[in-house]
Amino acid sequence: MYSDTLLKDVLRRTHSIAVVGVSTNPVRPSYYVARYLSLKGYRVIPVNPGHAGKELFGETIRANLSDIDVPVDMIDIFRRPEAVPEIVDEALAVFPALQTIWMQIGVEHAEAAAKAEARGLTVIQNRCPKIEYQRLFGELRQGGFATGIISSKL
């Protein structure tokens with residue numbers, strides 16, 4: 001559904017990511033995806049009202065997107081599909097230069113996606129930026145996984 005070229009472009013042009021629904025529990029996917037992205041050089045701004053004020057990956061956890069006072073390129077959503085419209089509406093209102101709405105594996109919402117796309121944003125649903133980064137930039141290949149990407153470098 002999404003071309004490798006599009007996914008690579010999104011991952012290359014993105015510098016800051018607000019991760020909505022991040023957990024402070026290291027075994028939760030939202031924690032280790034956010035941690036991985038921060039280790040890859042992205043500025044990861046954690047968003048979770050239940051942990052607001054705590055520190056994670058060198059950033060203060062925000063209660064909501066409106067609490068973020070710096071530009072954000074991408075919103076990564078770790079919430080149930082029914083929560084997506086409210087998150088997208090807030091993101092569109094707060095971040096005029098927002099480029100991408102990314103919904104994690106298992107998260108899709110056609111109406112919210114259409115609304116964001118109508119405003120010119122790239123929307124990716126039911127995918128994980130960590131997995132796509134590893135697949136597209138050669139990290140999975142090093143582990144012996146067939147990625148479907150042909151390259152002369154290992």
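Values reported hereafter were calculated over all heavy atoms of this structure, with side chains retained and with hydrogens, waters and symmetry mates removed.
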(request) Work out which heavy atom in H109 is nearest to a heavy atom in Q125; give both atom names and the distance. (result) N-OE1, 2.7 Å

(message) Return the NZ to CZ distance between K8 and F137, rounded to the nearest 0.5 Å.
(response) 5.5 Å

(request) Flag yes if more than 12 heavy atoms outside R35 fall under 6.0 Å of its CZ atom; otherwise flag no. (result) no

(request) Identify the heavy atoms of S23 and S30 that sit nearest to each other, and give their distance. (result) N-OG, 2.9 Å

(request) Could you tell me the separation between the CG atom of D76 and the SG atom of C128, rounded to the nearest 0.5 Å? (result) 7.0 Å

(request) Kindly give the heavy-atom pair with the smallest separation between P81 and G106, and that separation in Å. (result) CG-O, 3.9 Å

(request) Mind listing the closest non-hydrogen atom pair of R79 and G21 along with its distance? (result) CD-CA, 4.0 Å

(request) Would you mind listing every side-chain hydrogen bond (donor to acceptor under 3.5 Å, both in side chains) that reaches into residues 56-67, with sequence neighbours excluded? (result) R43-E59, E55-T60, S66-E90

(message) Closer than 3.5 angstrom, by distance alone: can the side chain of N48 be matched with the main-chain N or O of V22 as a donor-acceptor pair?
(response) yes

(request) If the plane angle is over 60° it's perpendicular, under 30° parallel, otherwise tilted; pick one for Y42 and Y133. (result) perpendicular

(request) Working to the nearest 0.5 Å, report the span between NE2 of H51 and OG1 of T24. (result) 3.5 Å

(message) With a 4.5 Å cut-off on side-chain heavy-atom distances among I, L, V, M, F, W and Y, is there a chain of contacts connecting L6 to M1?
(response) yes

(request) Quick one: name the residues clustered hydrophobically with V20, using the 4.5 Å side-chain heavy-atom rule over I, L, V, M, F, W, Y, and just say none if it's on its own. (result) I45, V47, L65, I68, V70, V72, I75, I77, V84, I87, V88, L92, V94, F95, L98, I101, M103, V107, L121, V123

(message) With rounding to the nearest 0.5 angstrom, report the CG to CZ distance, N25 to R28.
(response) 7.0 Å

(request) Heavy atoms only: give me the nearest P26-Y31 pair and the separation to one decimal. (result) CA-CD2, 3.2 Å

(message) Minimum heavy-atom separation for A112 and P85, please, with both atom names.
(response) CB-CA, 4.0 Å

(request) Using the salt bridge (Lys or Arg N to Asp or Glu O under 4.0 Å) rule, collect all pairs that involve residues 10-21, keeping only residues at least two apart or in two chains. (result) D9-R13

(message) Return the OG to CG distance between S16 and L37, rounded to the nearest 0.5 Å.
(response) 12.0 Å

(message) As an exercise, state the distance from OH of Y2 to CD1 of I124, rounded to the nearest 0.5 Å.
(response) 6.5 Å

(request) Would you confirm whether W102, through its side chain, and R127, through its main-chain N or O, come within 3.5 Å as a donor-acceptor pair? (result) yes

(request) Measure the shortest side-chain to side-chain distance between T122 and E117 over non-hydrogen atoms and say whether it is less than 4.5 angstrom. (result) no

(message) Measuring only between side-chain heavy atoms, which start at C-beta, is H15 closer than 4.5 Å to P71?
(response) no

